[in-house]
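Let me begin by presenting the structure, written as C-alpha cells, before commenting on it.
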Amino acid sequence: MLTREDMERAFGAYVEPDDETLYLEMCDDFCAQVILEMERQGLTVTEVAQRMGVAQPTLSRQLSGKQNLAAKTMAKIASALGCAIEAPKLYRTPAVQPCGTFLCGELPAEGAVSSESE
C-alpha cells in the first residue's frame, strides 16, 4: 500500500489525509507494533489467536490489513499480549500547504505563468 508519507515524498508536498487514509495508517501502525511485540515475546500468530479465542486465520487477516480492525479487536489483541493501548490522539493538520508554484486547492490567476513552464 502506498502511504501518505510515500506520496508526500514523491510529490514534495503535503497530502491532505481523508478518513480512509487516516484509518489505514492507524491500523498499519498498530499491526506493526503487534508484530514487533509478538517477536519480542517469541509468540506465534497461532499462540496469540488461541489467547484471544479466535482462529489463527482470523488474526492473520487482521494483522495483514485485509480486515478492518475495530477498537474492541485492538483491545483484545493488546490484552492477549499483556499490553495496554491508548486512544488515538487528535491533532490539527495545516489547512493549506505549498505544492509547486501554487498553494494546494488554488488555481492560478488567469494568464499567470508558472516558473516551471518558463
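Tyr23 and Leu63 fall within the same hydrophobic cluster, where Ile, Leu, Val, Met, Phe, Trp and Tyr residues are linked whenever their side-chain heavy atoms come under 4.5 Å apart, directly or through other members. Residues Ile77 and Ile35 are members of separate hydrophobic clusters, defined by side-chain heavy-atom contacts under 4.5 angstrom among Ile, Leu, Val, Met, Phe, Trp and Tyr.
Minimum heavy-atom separation, Met38 to Leu81: CG-CD2, 3.8 Å. The two residues Ala78 and Ala84 make their nearest non-hydrogen contact at CB-C, 4.5 Å. Taking all atoms of both residues into account, the shortest heavy-atom contact from Ala49 to Leu59 is N-CD2, 3.5 Å.
Between Cys83 and Val34, the closest side-chain pair of non-hydrogen atoms is not below 4.5 Å. For the pair Arg51/Leu43, a side-chain contact is recorded, criterion being any heavy-atom separation below 4.5 Å from C-beta on. Counting heavy atoms from C-beta on, the side chains of Gln62 and Cys27 never come closer than 4.5 Å.
Between the side chain of Glu47 and the main chain of Thr44, a donor-acceptor pair closer than 3.5 Å is present.
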task: Kindly determine whether Ser79 and Ile85 satisfy side chain to side chain contact (heavy atoms under 4.5 Å, CB included), including the steps that lead there.
output: CA-CA 9 Å; Ser79 180; Ile85 59 173; over 6 Å; no
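Side-chain contact check for Ser60 and Gln56: at least one donor-acceptor pair (N or O, by modelled atom type) lies under 3.5 Å. For the 3.5 Å distance criterion, the side chains of Gln41 and Glu37 qualify, holding a donor opposite an acceptor.
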